[in-house]
Amino acid sequence: MPLLPPKLKHMESPKKKIVACVGMSGLAGPPRLAPTTDPKTVIVVGAGMSGLVAALELERAGHHVQIVEARRRIGGRVHTQRARDGAPMAEAGAGRIPRSHRWTWDYIGQMGLATRPLYPAGLKNVALIDGKRWIIDSKTDLAATVDLPPEEKAMGYAGLIKTHVLDNVEKLLAAKVIDTPAWPPSALAHLDRLCIVDHLAAQGLSPAAIKLLTLGAFPTAISPLMLSRVLATYDRESLSVIEGGNDRLPAAIAAHLRGPILLNSPVRAVVQFADRIEIAVEGARPKAVLTADALICTIPFSVLGRVQFEPALNPAKQQILAEIRYTKATKVAFKMSARFWESEQLSGFAQLDTGAEIWSPRWSAGDGSGVLQFYQQGERAAELDAMDEPARAQWAMGHIEKAFPGAGRHVQESRSYSWQHDPWAGGAYGIPQPGDLFRWQGNIASPEGRIYFAGEHTSEYSAWIEGAVRSGHRAATELHEATFESHR
Ligand SMILES: Cc1cc2nc3c(=O)[nH]c(=O)nc-3n(C[C@H](O)[C@H](O)[C@H](O)COP(=O)(O)OP(=O)(O)OC[C@H]3O[C@@H](n4cnc5c(N)ncnc54)[C@H](O)[C@@H]3O)c2cc1C
């Protein structure tokens with residue numbers, strides 16, 4: 001997911017304005033479904049955030065739900081990695097929760113979970129640009145970090161980001177289409193033709209300026225329209241994490257469910273009859289067949305092609321399955337004996353011009369220890385994927401050393417995670433790429449008979465927990481409001 005480049009004083013006012021607008025448009029939290037007079041039996045496939053929220057809301061309304069999950073754990077792409085001593089080490093998947101993601105926060109509140117800020121207060125970030133190390137504070141002129149042509153230099157970083165990124169965010173906000181059926185806005189379709197890097201190049205920006213504007217973990221395959229949407233709903237000033245690990249959110253929701261969660265049970269086939277749904281589940285011997293009135297499918301589209309549907313999914317959805325490209329992401333976390341960087345007033349966070357970031361997710365550990373995590377997004381994640389575990393750690397630490405010299409001396413253990421290698425994810429997330437939004441509109445989430453579709457990839461908030469939560473709630477609502485014959 002994109003981060004705005006390091007916070008600068010002159011960026012504060014446009015950013016604040018944006019956040020205020022989002023706050024005004026999206027105040028409502030998830031509504032409760034009315035109690036049902038027609039309880040249904042429902043299978044939810046997938047125990048990630050979308051499946052858990054769907055199950056919770058359906059049970060609250062009086063339906064009977066069982067979840068079927070391929071992995072041996074719940075949470076899906078909310079996955080906290082723990083150190084050998086059991087303490088949370090780092091987030092392999094979802095790592096930050098912006099305050100503006102109101103539905104996610106609503107569920108965090110309902111579950112009574114404590115949170116803390118992602119960033120430590122008052123410390124400075126590092127940027128690595130063209131191999132040079134910069135310490136970023138309010139006085140740093142980011143435009144000086146690269147060799148810009150004179151006219152771009154004259155605009156400065158603030159002028160460049162305003163003209164080429166934030167003005168589009170303002171246009172989108174002015175259209176008032178976020179969280180309305182008018183998304184995606186056809187009046188802004190011209191911003192969905194190229195990926196952000198090609199769009200900036202077509203605007204005549206130099207490679208140096210493009211590098212500056214796309215610093216950090218930035219999915220450069222998305223369009224300016226999609227980027228504007230992410231930024232319009234992203235409150236960088238209030239990013240938080242859940243105390244004890246983000247996986248406490250799915251765990252808490254699961255603990256509220258009455259129905260069973262079958263783990264280690266990959267669904268291989270879904271057959272739809274006039275009066276019921278049947279699924280074939282592998283793992284159980286002999287292969288189990290489960291039956292229900294309806295099904296919510298939260299399987300990422302990156303791996304859904306391995307499930308056999310009878311009758312086949314409609315051609316429009318099959319076309320999306322063939323086209324969808326999941327963003328790559330690989331992370332390598334190091335448990336550090338000391339947060340030595342704090343003596344230099346550094347936060348442990350850094351942004352690189354290679355589509356990578358360094359995070360310091362355990363900055364509050366009372367014993368002075370810490371974690372540094374290398375987070376590579378985009379096609380370069382494939383370079384890490386090709387390595388074995390020791391080589392990955394060595395490669396990632398090589399980059400961390402450039403941002404925080406001496407880091408290698410403090411490593412106690414390391415852990416990596418490639419979402420491309422995860423057979424139940426097939427990539428990090430299904431954020432739409434140029435043209436996808438308008439081409440897929442109306443088909444990506446549409447129900448097919450008794451099958452309802454959820455998952456971040458079906459949501460306007462794709463690539464976020466917020467997308468999973470909203471899509472789970474939406475699919476539960478669709479199913480709840482449908483009338484169909486029961487097989488019982
Ligand atoms: C590297 C990375 C960084 C991220 N950063 C952030 C962040 O900072 N903030 C944020 O809010 N979000 C972030 N996200 C996104 C967020 O994690 C996801 O949007 C969200 O967790 C997706 O939930 P889901 O329910 O849609 O899918 P999943 O969590 O993938 O759940 C789907 C479930 O279906 C299961 N499944 C798959 N196939 C089968 C099968 N055949 N049978 C049975 N079960 C099956 C899977 O095992 C999985 O448990 C990040 C994700 C990644 C990967």
Side-chain angles (χ1 to χ4, degrees), residues 1-3 43-55 67-80 90-98 100-101 103-105 108 118 217 219 230 233-234 239-242 246-247 249-250 253-254 261-270 279-283 290 295-308 326-331 357 359 361 373 375-378 381 417-420 422-431 453-459 461-472 475:
M1 239 132 300
L3 265 190
I43 292 171
V44 172
V45 184
M49 282 302 299
S50 60
L52 290 165
V53 163
I67 300 184
V68 182
E69 164 58 50
R71 301 173 200 264
R72 291 168 192 273
R73 60 167 180 85
I74 62 161
R77 282 170 280 167
V78 177
H79 178 36
T80 307
E91 301 296 339
R96 60 188 147 213
I97 307 170
S100 46
H101 288 187
W103 287 35
T104 307
W105 279 94
I108 291 171
L118 173 72
V230 173
T233 53
Y234 181 74
L239 298 174
S240 297
V241 296
I242 295 171
N246 288 344
D247 65 357
L249 179 58
I253 297 177
I261 302 179
L262 307 184
L263 296 177
N264 197 20
S265 303
V267 172
R268 294 301 184 200
V270 176
I279 62 166
V281 176
E282 207 177 275
L290 304 175
L295 177 135
I296 293 184
C297 174
T298 77
I299 299 174
F301 276 15
S302 45
V303 293
L304 186 61
R306 297 205 304 260
V307 178
Q308 196 191 329
Y326 273 53
T327 302
K328 293 187 173 70
T330 301
K331 295 186 181 181
E357 285 183 314
W359 288 35
Q373 184 184 39
Y375 178 9
Q376 180 71 57
Q377 269 202 75
Y417 204 95
S418 160
W419 289 95
Q420 301 65 255
D422 181 326
W424 309 114
Y429 31 77
I431 194 164
F453 292 88
E456 55 83 22
H457 54 286
T458 66
S459 163
Y461 289 82
S462 49
W464 294 98
I465 296 174
E466 184 78 355
V469 162
R470 287 184 185 239
S471 71

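Numbering of ligands and ligand atoms starts at 1, following listing order. All residue numbers refer to positions in the sequence shown, counting from 1.
Annotation: the span from Ile108 atom CD1 to Leu249 atom CG amounts to 5.5 Å, rounded to 0.5 Å. The distance from atom SG of Cys297 to atom CD1 of Ile279, rounded to the nearest 0.5 Å, is 10.0 Å. Interatomic distance, OG of Ser471 versus OH of Tyr461, reported as 12.5 Å (0.5 Å rounding). To the nearest 0.5 Å, atom CD of residue Gln376 and atom OG of residue Ser418 are 11.5 Å apart.
Remark: side-chain polar atoms of Lys331 are not paired, donor with acceptor, to backbone N or O of Gln373 under 3.5 angstrom. The backbone N or O of Asn246 lies less than 3.5 Å from a partner atom in the side chain of Glu91, making a donor-acceptor pair. Although no hydrogens or angles enter the test, the distance criterion places a donor-acceptor pair under 3.5 Å between the side chain of Ser100 and the main chain of Thr233. Between the side chain of Ser459 and the main chain of His457, no donor-acceptor pair closer than 3.5 Å is present.
When each atom of ligand 1 is checked for a heavy atom of Arg71 under 4.0 Å away, the hits are 46 (C), 47 (O), 48 (C), 49 (O). Set against the non-hydrogen atoms of Gly455, the atoms of ligand 1 under 4.0 Å away are 26 (O). Atoms of ligand 1 found under 4.0 Å from any heavy atom of Val68 (numbered from 1 in listed order, with element): 43 (C), 44 (N). Counting the atoms of ligand 1 from 1 in the order shown, those under 4.0 Å from a heavy atom of Ala428 are 53 (C). Against a heavy-atom cut-off of under 4.0 Å, Glu456 is close to the following atoms of ligand 1: 19 (O), 22 (C), 26 (O). Under a 4.0 Å criterion applied to the non-hydrogen atoms of Ala463, ligand 1 contributes the atoms 12 (N), 13 (C), 14 (N), 15 (C), 19 (O). For ligand 1, the atoms sitting less than 4.0 Å from at least one non-hydrogen atom of Ala92 are 1 (C), numbered in the order shown with element in parentheses. Every atom of ligand 1 with a heavy atom of Ile299 under 4.0 Å away is listed here by number and element: 37 (C), 38 (N), 39 (C), 40 (C), 41 (N).
The pair Asp247-Arg77 fails the salt-bridge criterion, with no side-chain N (NZ, NE, NH1 or NH2) lying under 4.0 Å from an Asp/Glu carboxylate O.
When only interatomic distances are considered, the shortest N/O to N/O separation between Trp464 and ligand 1 falls below 3.5 Å. By the 3.5 Å distance cut-off applied to N or O atoms, Glu69 is counted among the residues near ligand 1. An N or O contact shorter than 3.5 Å is missing between Lys331 and ligand 1 by distance. Distances between N or O atoms of Ala329 and those of ligand 1 include no value under 3.5 Å. Residue Ile465 has at least one N or O atom closer than 3.5 Å to an N or O atom of ligand 1. Among the atoms of Val267, some N or O lies under 3.5 angstrom from an N or O of ligand 1.
Proximity of Trp419 to ligand 1, defined as any heavy-atom pair under 4.0 Å, is confined to the side chain (atoms from C-beta onward). With a heavy-atom cut-off of 4.0 Å, Val45 touches ligand 1 through its side chain alone. Residue-level proximity to ligand 1 for Leu304 is absent, since no heavy atom of it falls below 4.0 angstrom. Contact annotation for Ser471 and ligand 1: no heavy atom of the residue comes within less than 4.0 Å of the ligand. Contacts with ligand 1 closer than 4.0 Å are made by no heavy atom of Ala454, backbone or side chain.
Taking the six-membered ring for Trp and the full ring otherwise, the centers of Tyr417 and His79 sit less than 6.0 Å from each other. Aromatic ring centres of Tyr234 and Trp464: separated by under 6.0 Å.
Not close to ligand 1: Gly467, with no non-hydrogen atom less than 4.0 angstrom away. Not close to ligand 1: Ala425, with no non-hydrogen atom less than 4.0 angstrom away. The closest approach between any non-hydrogen atom of Tyr417 and ligand 1 is not below 4.0 Å.
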Q) Could you walk me through whether Ile67 and Leu262 pass the side-chain contact (heavy atoms from CB on, under 4.5 Å) check? A) CA-CA 6 Å; Ile67 300 184; Leu262 307 184; over 6 Å; no

Q | Intermediate values then yes/no, side-chain contact (heavy atoms from CB on, under 4.5 Å), Phe301 and Tyr326 | A | CA-CA 9 Å; Phe301 276 15; Tyr326 273 53; 4.0 Å; yes

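Closest heavy-atom approach to atom 25 (O) of ligand 1 among the candidates Gly427, Ser50, Pro266, Ala70: Ser50. Nearest residue to atom 8 (O) of ligand 1 from Arg268, Arg96, His101 is Arg96 (criterion: closest heavy atom). When the options Arg77, Gln420, Lys328, Gln377 are ranked by their closest heavy atom to atom 29 (O) of ligand 1, first place goes to Arg77.
Side-chain polar atoms of Thr330 and Gln420 form a donor-acceptor pair below 3.5 angstrom. A donor atom on one side chain and an acceptor atom on the other are found under 3.5 Å apart for Glu466 and Thr104.
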